[in-house]
Structures are given as C-alpha cells and as structure tokens.
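In what follows, every chain begins at residue 1, and chains take the letters A, B, ... in the order their sequences are listed.
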Amino acid sequence: MAKKFYITTPIFYVNDLLHIGHAYCTIACDVVARFKRWLGDEVLFLTGTDEHGQKIAQAASLKGKTPLEWADYIVSEDKKLWEKLNISHDDFIRTTEERHERTVQEIFTKLYQKGDIYKGEYEGWYCTSCETFYLESQLEGGRCPECGKVTEKLKEESYFFKLSKYQKRLLNYFDENPEFMQPSFRKAEMVNFVKGGLRDLSVSRTAVKWGIPVPFDEKHTVYVWLDALINYLTACGYLEDKVKFEKFWPADVHLVGKEIFKFHTIIWPAILMALGIPLPKKVFGHGWWTVEGEKMSKSRGNVVDPVEVSEEFGVDAFRYFLMREVPFGQDGDFSKKALVRRYNADLANNLGNLLSRSLTMVEKYVEGRVPEPGGEEKEDRELIQKVKGLFERVIKYYDKLKLNSVLGDIWEVIDYANRYIERTAPWKLEKTDRKRLETVLYNLLETLRVVTFYILPFMPQTAERIWERLGMEEKIYNQKIEEAQWGRLKSGTKIKAGKPLFPRIKDDL
RNA sequence: GGCGGCGUAGCUCAGUCUGGUUAGAGCAGGGGAAUCAUAAUCCCUGUGUCGUAGGUUCGAAUCCUACCGCCGCUACCA
C-alpha cells in the first residue's frame with residue numbers, strides 16, 4: 001500500500017511579488033515532494049496565498065484596486081513563477097476561496113461553542129492614521145512605530161483563543177515528540193517561550209474589514225493568522241472530503257521560514273489540540289538569504305528576483321544553488337559570484353563534463369551504442385558499491401530534510417566516476433583491451449543513468465536532458481523506483497552525444 | 001535585562017552530545033600527470049595559538065568557569 005505524504009509551504013502574503021526567500025521554501029518542498037513521489041508515496045504538495053488583512057486592503061487601494069482584484073493579480077504572478085521554477089504542487093489554495101472561508105467559519109464557531117474562544121476586550125494603543133492597534137511594547141516612545149504619531153489607549157471588543165490553557169500540553173508534546181520541531185536550535189527557543197507563559201490570543205478584529213466575518217458576530221473579522229493557518233486543513237478536505245482528510249491529515253511537514261516558526265509550532269498546535277485533531281508530524285524552520293552579505297530589503301533595493309536569476313543562469317542551476325549552498329535550516333548568502341562558482345565547479349566541471357566525456361568516448365570507441373559489460377574488477381566494484389549505496393544514504397538525509405547533504409552524497413558519486421575514468425583510462429584500453437573498455441564504458445553510462453534519478457528532484461529539466469542523451473525512450477518521470485537498480489541499462493541502446501549541459505561561465509565577475 | 005547559540009585552514013564549514021591515532025572536507029592558491037572531455041579531469045600540496053585565560057583529567061577543539069567578539073529568541077506586523 002502506498003504511503004501518503006502531505007507537505008506544505010506557508011501561504012504567501014499577497015502584499016507584494018515573491019522573492020528568493022519564497023522561491024527557496026517552495027523549491028525545497030518541491031524537491032521533497034518529487035522524491036516522495038518517486039518512492040511511490042501518494043503526495044499532496046500544497047502551496048497558496050494568504051489574502052486577507054489590513055495590509056492587503058491598503059496595498060490594493062494604493063493601486064486603485066479592490067483587495068480581491070489586487071490579490072488576483074499577485075496570484076497570477078505567483079502561479080507564473082511556480083510554473084517557471086518547475087514547482088509540482090498538487091493544489092494552490094487561496095484564503096479568499098469559498099472552501100476556505102467556510103472552513104474557517106466552521107472552526108471558529110466550533111471553538112467558540114467549545115469555550116476555547118471567548119469574547120473579551122483587547123486593550124491596546126491605537127494609531128488613528130494607520131488604523132492599527134499596537135502593544136505597549138511595540139510603541140516607540142509612546143508613538144506609532146509606523147508613522148511616529150501619537151497613539152491613544154483604546155479598548156476594543158475582541159474574541160480570544162484560550163492559548164494559555166494549552167501551555168502544559170504543548171510542553172508535554174514537545175517533550176514526547178523530539179522530532180516535531182527542526183532545526184533543534186529553534187526548538188529550544190520555542191520551548192523557552194512557552195515556559196515563559198502564554199497569554200490568550202486575540203483572534204478577531206473589528207477594525208479590519210477585509211477578512212472572513214465571524215459567523216455569529218459580523219462586526220468582527222477573523223484574525224489573519226488564524227485564517228491563514230487553517231488553510232492546511234481546508235486543502236486536505238477537513239470540511240468537504242472526509243476520506244481525503246482521513247488519508248492526508250496530519251501533515252507530514254510544514255516547511256516555513258524562521259520568522260513564522262512560532263505560529264506553526266505554538267499557536268497552530270494549540271488550535272489543533274482544541275479541535276481534537278492530531279498535530280503535524282514536523283515543522284521545519286528554514287533560514288533566510290542575505291544578498292552579497294547584506295540583509296535583503298526593499299529599501300536597499302537588493303531584493304533578488306527568482307525570475308531574473310533563472311533566466312540568467314537557468315532554472316535548474318538556480319534550484320541547485322539554493323539547495324546546495326547552505327545547510328538546510330541555516331541562513332545563507334546569495335551572490336552571483338557564489339552561484340557562478342557552484343555552477344562551474346559542480347554543474348559544468350563535474351556533472352556536465354562527466355556526461356560529455358563519457359558520451360564522447362562511447363561515440364568514438366563503440367559506435368555510440370551501450371556496450372556489453374564483462375567481468376568486474378576492483379575499481380568497478382568500488383564504483384558500483386558507491387552507486388548502490390546511494391539510496392540508503394540519501395533517504396536518511398531526506399528524512400531530516402538535509403537536502404544539501406543529499407546533494408553532497410550524489411556529487412560524491414559523480415566525483416568518483418570522474419576518478420574512475422582516470423584510473424581505468426579508456427583511451428588506453430581502446431588500444432589494448434576492447435573487452436575491458438566495453439565494461440568500463442558500460443559502468444560509466446550505468447552510473448550516469450542511476451544518478452540521474454537522484455538528480456531529478458532537484459533539477460527536473462537536467463535529469464530529463466541527461467535521460468535523453470543516454471538514449472532512453474520513456475520519460476524519466478514515468479519510471480518506477482525499481483529502474484534505479486544497477487544493471488537495468490540495456491546494451492545496444494543508441495546514445496546521443498550533444499552540446500554541454502552546462503556551458504562554463506567565464507567568471508570575470 | 002532574561003534564555004540560548006556561535007567563534008576550527010585565505011573563504012564556507014564538519015568534528016564537540018558519547019574527552020583518546022599525525023584536527024578533516026569543499027572552494028580558492030601552488031606544483032605535476034594525462035588528453036576521452038566544457039583548458040574540464042586526475043594526483044600531490046595546509047607547522048591551522050581549534051576566540052582568550054584558567055580549571056578537571058593520564059589525556060580536551062571536545063567537559064567546567066570567567067572574559068572578549070558575533071548572533072538568535074523575548075507573541076498578536078504575514
């Protein structure tokens with residue numbers, strides 16, 4: 001029976017176009033989703049957009065649009081980006097969709113009836129020109145942190161979620177499920193935070209009009225975070241498809257940025273506990289990208305546009321760089337210099353050149369056809385062992401989402417294959433030992449063929465291109481996992497030598 | 001302020017939990033080989049105060065203390 005696998009990105013706020021950080025998160029999910037599909041799991045990979053809230057209404061009116069018109073525009077841009085980056089999501093949820101609004105209202109009502117949401121008063125400092133409430137701690141010298149104007153203390157009617165009630169249960173859960181939060185250094189911060197005491201959470205607003213109405217009290221709208229988090233339930237059929245819900249919930253991985261880790265590891269679990277629903281198995285908080293050593297920000301004007309980078313270096317090179325450059329979970333630095341270095345060293349010199357030299361030799365020495373392998377010698381066995389051992393090593397890393405280590409292991413095999421060529425020196429064998437030559441070339445091609453399966457989740461286009469070069473007729477996407485076993489390459493297959501996969505980039509930057 | 005983390009080769013880091021061979025890897029640099037290949041590849045090449053000062057120990061990058069430097073978290077802004 002196929003296992004299920006439910007993985008999510010956050011839903012991205014539609015206040016602006018997406019940047020490298022969003023692309024990073026989504027590409028990482030895509031890699032994992034593709035790998036799991038290859039394993040034969042039934043995958044639900046979800047992404048989408050968070051469309052409610054004051055900021056969206058403001059952004060829209062600034063452009064002379066209604067909030068929904070504005071959201072529609074951003075959504076169409078987001079979808080274009082995911083297509084460009086080869087993102088293979090199964091669903092794209094928008095919080096303005098009817099299926100979601102109904103789910104949120106249902107859940108709000110349920111929690112209210114249960115007593116976990118109650119009506120109270122929210123006390124805060126209100127800035128009339130920004131129409132926003134602030135906590136005392138957010139004020140800068142008693143003034144609005146946004147516009148600097150004087151704020152006034154106001155009380156607002158609000159519904160509250162009894163977050164405080166779940167403090168103990170959360171700590172117990174963290175304790176009993178050490179894998180729940182990753183990376184571990186962020187876990188410590190969360191545990192600490194909960195230990196410090198939890199206050200009930202205001203989960204409705206009367207000042208915010210652009211939001212989902214509280215069903216039994218329409219002057220309130222649902223707080224955007226509650227609205228947003230519930231998307232994970234909506235999309236797997238919480239309300240409308242019991243069978244689907246039973247199958248996919250709980251989510252296997254919520255992959256989120258470190259800045260929203262807390263919402264996913266504290267507030268979200270507490271809500272689920274209140275609903276009596278199992279918690280997601282894992283929440284992973286990834287790091288941020290700086291650019292040329294500097295924090296990325298609009299005001300600095302250094303926001304990296306994923307479209308631009310993919311157009312300049314290729315989508316796969318971009319995907320590769322993001323996944324390879326930084327241990328997953330840590331912050332990383334994006335620079336063209338670093339990208340070019342990775343591109344040349346890993347993609348052009350190691351992988352690309354390995355393919356080129358292998359295919360050329362097959363063309364020159366054995367008429368472009370996969371030869372018949374003969375008896376194995378020591379270096380053959382070493383190579384084959386490396387290739388065969390890849391699966392076991394890689395799957396451990398996938399479980400921990402150490403995607404950069406997955407690539408590290410794949411490239412170890414690629415490096416080894418280059419060394420294998422030097423050791424066996426086929427150009428000499430060509431003159432001295434045809435049988436041995438054929439074995440060596442077969443092993444090389446077979447190594448490339450198997451490795452291509454491992455490259456596929458990271459660089460789908462590249463995998464497809466290598467696959468074609470190797471003379472495979474079926475699409476690699478349709479291949480079952482068994483095809484990655486050593487020795488499935490058929491002798492006699494006609495290969496297709498061609499231009500370099502990754503032409504070297506002159507690094508005069 | 002409170003809690004936590006980090007400081008190892010020019011650069012990025014592994015190793016520290018479970019103390020014990022000459023402290024490792026990649027990239028960059030230097031030398032050489034080879035010629036199938038995208039001047040790619042392969043081989044050789046690092047005497048590094050393992051932040052500083054103490055301590056524990058037969059023995060510490062690894063445990064403890066202090067100090068210096070950097071960073072994260074400290075809720076309702078997505």
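- The distance from atom OH of A/Tyr159 to atom C1' of B/rC76 is 18 Å, rounded to the nearest whole Å.
- Whole-Å rounding puts the A/Ile117 CD1 to B/rC76 P distance at 19 Å.
- The side chain to side chain contact (heavy atoms under 4.5 Å, CB included) check on A/Lys428 picks up A/Ala425, with sequence neighbours excluded.
- A 4.5 Å side-chain heavy-atom check between A/Lys435 and A/Leu429 finds every atom pair outside the cut-off.
- A/Gly21 comes within contact range of no nucleotide atom at all, as no heavy-atom separation falls under 4.0 Å.
- Taking atom P on both nucleotides, B/rG59 is separated from B/rU16 by 22 Å, rounded to a whole Å.
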**OP:** Heavy atoms under 4.0 Å is the rule here; annotate nucleotides 33-40 of chain B 5' to 3' with B where the base is hit, S where only the sugar-phosphate is, and - elsewhere.
**Re:** -SSBBB-S

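- In this structure, the ring of A/His52 has its center no less than 6.0 angstrom from the ring center of A/Tyr13.
- Checked against the 6.0 Å centroid threshold, A/Tyr343 and A/Phe502 count as a close aromatic pair.
- For RNA chain B, each stem of at least three Watson-Crick or G-U pairs (distances under 3.5 Å) is given as range with range: B:1-7 with B:68-74, B:10-13 with B:24-27, B:29-33 with B:41-45, B:51-55 with B:63-67.
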For nucleotides 1-7 of chain B, print each protein N/O atom paired with a nucleotide N/O atom at under 3.5 Å, atom names and distance only.
| unit_1 | atom_1 | unit_2 | atom_2 | d |
| --- | --- | --- | --- | --- |
| B/rC3 | O2' | A/Asn192 | ND2 | 2.4 |

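- Separation of the A/Tyr159 and A/His220 ring centroids falls under the 6.0 Å cut-off.
- Between A/Trp268 and A/Phe261, the ring center distance fails the sub-6.0 Å criterion.
- Separating the CG atom of A/Asp331 from the P atom of B/rC71 is a distance of 12 Å, rounded to the nearest angstrom.
- For the pair A/Phe261 CZ and B/rC76 P, the computed distance is 18 Å after rounding to whole Å.
- Nucleotides B/rU47 and B/rC63, compared at atom C1', are 28 Å apart to the nearest Å.
- In this structure, A/Leu359 reaches neither bases nor backbone, as no heavy-atom distance under 4.0 Å exists between it and the strands shown.
- Distance noted for atom C1' between B/rA61 and B/rC43: 31 Å (whole Å).
- Put simply, CZ on A/Phe334 is 18 Å from P on B/rU12, counting in whole angstrom units.
- When heavy atoms are screened at a 4.0 angstrom cut-off, A/Ile266 is found touching no nucleic acid atom at all.
- Atom pair A/Leu198:CG and B/rU74:C1' shows a separation of 13 Å (rounding to whole Å applied).
- RNA chain B is contacted by no residue of residues 67-76 of chain A, taking any non-hydrogen atom closer than 4.0 Å.
- Rounded to an integer number of Å, the gap from CG of A/Asp415 to P of B/rA25 is 13 Å.
- Counting any heavy atom pair closer than 4.0 Å across all strands shown, A/Ile260 reaches sugar-phosphate atoms only and no base atom.
- Rounded to the nearest Å, the gap between the P atom of B/rA23 and that of B/rG51 is 15 Å.
- A/Asn353 and A/Arg504 are not linked by any side-chain donor-acceptor pair at a separation below 3.5 angstrom, with hydrogens and angles left out of the test.
- Aromatic pair A/Tyr166/A/Tyr173: centroids not less than 6.0 angstrom apart.
- Side-chain contact of A/Glu51 with A/Trp70: a donor-acceptor pair under 3.5 Å is absent, judged by distance alone.
- More than 12 heavy atoms of other residues, nucleotides or ligands lie within 6.0 Å of NZ in A/Lys165, so this atom counts as buried by the packing criterion.
- Scanning for side chain to side chain donor-acceptor pair (under 3.5 Å) contacts around A/Arg469 gives an empty result, with sequence neighbours left out.
- Side-chain atoms of A/Leu111 and A/Ile271, non-hydrogen and from C-beta on, do get closer than 4.5 Å to each other.
- The salt bridge (charged side-chain N to carboxylate O under 4.0 Å, His left out) test with A/Arg423 is passed by exactly one of A/Glu377, A/Glu382, A/Glu379: A/Glu382.
- Side-chain N/O atoms of A/Lys337 include none lying less than 4.0 angstrom from OP1 or OP2 on B/rC27.
- To the nearest whole angstrom, the two C1' atoms, one in B/rU45 and one in B/rU49, are 23 Å apart.
- Comparing B/rA40 with B/rG29, their P atoms are spaced 10 Å from each other, to the whole Å.
- For B/rA9 and B/rG15, the C1' atoms lie 14 Å apart once the distance is rounded to whole Å.
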Subject >> Residues A/His254, A/Tyr232; criterion ring-ring contact (aromatic ring centres under 6.0 Å, His included); working and verdict >> reply: CA-CA 9 Å; A/His254 289 317; A/Tyr232 303 125; 4.1 Å; yes

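- Annotation: B/rC58 and B/rG4 have their C1' atoms spaced 35 Å apart (nearest Å).
- A centroid separation of 6.0 Å or more is found between the aromatic rings of A/Tyr118 and A/Tyr112.
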